[in-house]
Amino acid sequence: MYVNLHSSFAKNAAAVEAAELIKSCVHCGFCNATCPTYQDLFDERDGPRGRIYLIKHLLESGGAGEATRTHLDRCLTCRSCETTCPSGVQYGRLADTGRELVEEVTDRPLAQRLIRRMVRWVFPYPKRVGLVLGLGRIFRPILPGAIRGQVPPKQSISSTARTEPTANRRMLVLGGCVQAAATPKTNDAARRVLLRLGIDLFEAPSAGCCGAVDYHLGAQKEGLMFVRRNIDAWWPEVERGVEAIVVTASGCGVMVKDYGELLKGDAEYAAKALRISELAKDLTEVLEGEDLGLLGKSASKERTAVHCPCTLSHGQQLDGSVQTILERAGVPLAATTEDHLCCGSAGTYSMLQPEISQRLLDRKLAALSVDAPEQIVTANIGCQLHLGAKSEVPVRHWIELLDTGSGGDHP
Ligand code: SF4
Ligand code: SF4
């Protein structure tokens, strides 16, 4: 598809890049077959091909209306379409640029602006998330059902995050934001499991949110401020030769792996960002090369259904990696269907598009329950909380299943 870029975007680097990316789309429509929102709404504009046309129109006309904003808002950014596309269209980057430009050229209603502001004010900051969750637990009995389910029980952990390494092999871990407040057990379990494998996992004290919350809500400049802050926080350890930067939430992992691309035009940070992306590893990639026999025969024996987050399967192309590790560790896996389908969490999507999100959640839980599992595991905090809100069986991060017999309190 050729884009005749509007003169107002001629000096806008993101718009110029988007016009280039659109060129590889041959408008075949294969992507609609695996797009959750197209499958839910059956409107061409709620599928990837239709959204690409809307972005093309925006780039050519220099403007957009409410309809364009609505259909881009409804996109989960699950990137299932990227996996399906035979032409290699980088839809995720197109969607981010399209959203940023839409924010510039349209006036979002005040109520929507306030909700988005609130989300961006709370979620990137663990203390604020902790405060909101604390209030949610106090007022749980009077909260509406859908919101009540989103408030997880408080998790206690047996150790605090170390900021100094103590073993020979050293890896940084991203503390993150929502996960740090809502499910601290995840990084706690990862720390213990890796220590049994001879790897010390530690945090850089001033690192935090990966930047994805702002970046994917059309506030890209603000999102990149978080990115630069993390690079500054990690860089001294990178110079000391840290082996990897481990990310236990796949939604954050896909963002950190993208730092190099996001800052490629920043003369000061481009080289550092690229190095950070090279060092970034999902937890499955770390365990993939390790001798899991060192963990002993202590993994969970409950029949387990695995939900692979879109950010792991489509974003990081690591589909099946959780299942492989759990099988190697001796965890019995339950069968599942519709594995390509997004659960509807998608970062802040479950709050901003609750109706579509809930329909996808119901469908996903049915697909995960066909073989009557005793528990569900996943690899991303958003999916974990979203599935856990309605699931009849416990929903955990998969690393907790390997954390038995080492001080972790999982059965
Ligand atoms: S599958 Fe790829 S090339 Fe075909 S319409 Fe979708 S994005 Fe375009
Ligand atoms: S990212 Fe997901 S929801 Fe968005 S267009 Fe692609 S497949 Fe559809």
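Start at 1 and go down the list; that is how both ligands and their atoms are numbered. Note: hydrogens, waters and symmetry copies are ignored here, and every other heavy atom, side chains too, is used.
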Starting from [atom], locate the nearest protein heavy atom and write down its residue, its atom name and how far away it is, to 0.1 Å.
atom: atom 4 (Fe) of ligand 1; result: C28 SG, 2.3 Å
atom: atom 7 (S) of ligand 1; result: I52 CD1, 3.7 Å
atom: atom 3 (S) of ligand 1; result: V26 N, 3.3 Å

Measuring to atom 2 (Fe) of ligand 1, does C81 have an N/O/S atom at a distance below 2.8 Å?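 So C81 does not count as coordinating atom 2 (Fe) of ligand 1.
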Under 4.0 Å from any heavy atom of R51, which atoms of ligand 2 are there?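 So the answer, numbered in order with elements, is 3 (S), 4 (Fe), 5 (S), 8 (Fe).
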Which of the ligand 2 atoms, numbered from 1, are nearer than 4.0 Å to a heavy atom of T37: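 Within the 4.0 Å cut-off of T37, ligand 2 contributes 3 (S), 8 (Fe).
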Rounded to the nearest 0.5 Å, how far does [atom2] of [Y] lie from [atom1] of [X]?
X: L292; Y: E288; atom1: CG; atom2: CD; answer: 10.5 Å
X: E374; Y: R303; atom1: CD; atom2: CZ; answer: 7.0 Å
X: N32; Y: E44; atom1: CG; atom2: CD; answer: 5.0 Å

Does S87 reach the main-chain N or O of V89 with its side chain, forming a donor-acceptor pair under 3.5 Å?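 Not confirmed, S87 side chain does not pair with V89 backbone.
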Could you tell me whether E82 approaches ligand 2 through its side chain, its backbone, both or neither, with non-hydrogen atoms closer than 4.0 Å?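 Neither part.
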Quick one: which ligand 1 atoms are inside 4.0 Å of a heavy atom on G29?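 Counting from 1, the qualifying ligand atoms are 4 (Fe), 5 (S).
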Looking at ligand 1, would P86 count as a contact under a 4.0 Å heavy-atom criterion?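 P86 counts as a contact of ligand 1 under the 4.0 Å cut-off.
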Considering all heavy atoms, the nearest R229-S206 contact: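 Shortest heavy-atom contact: CD-O, 2.9 Å.
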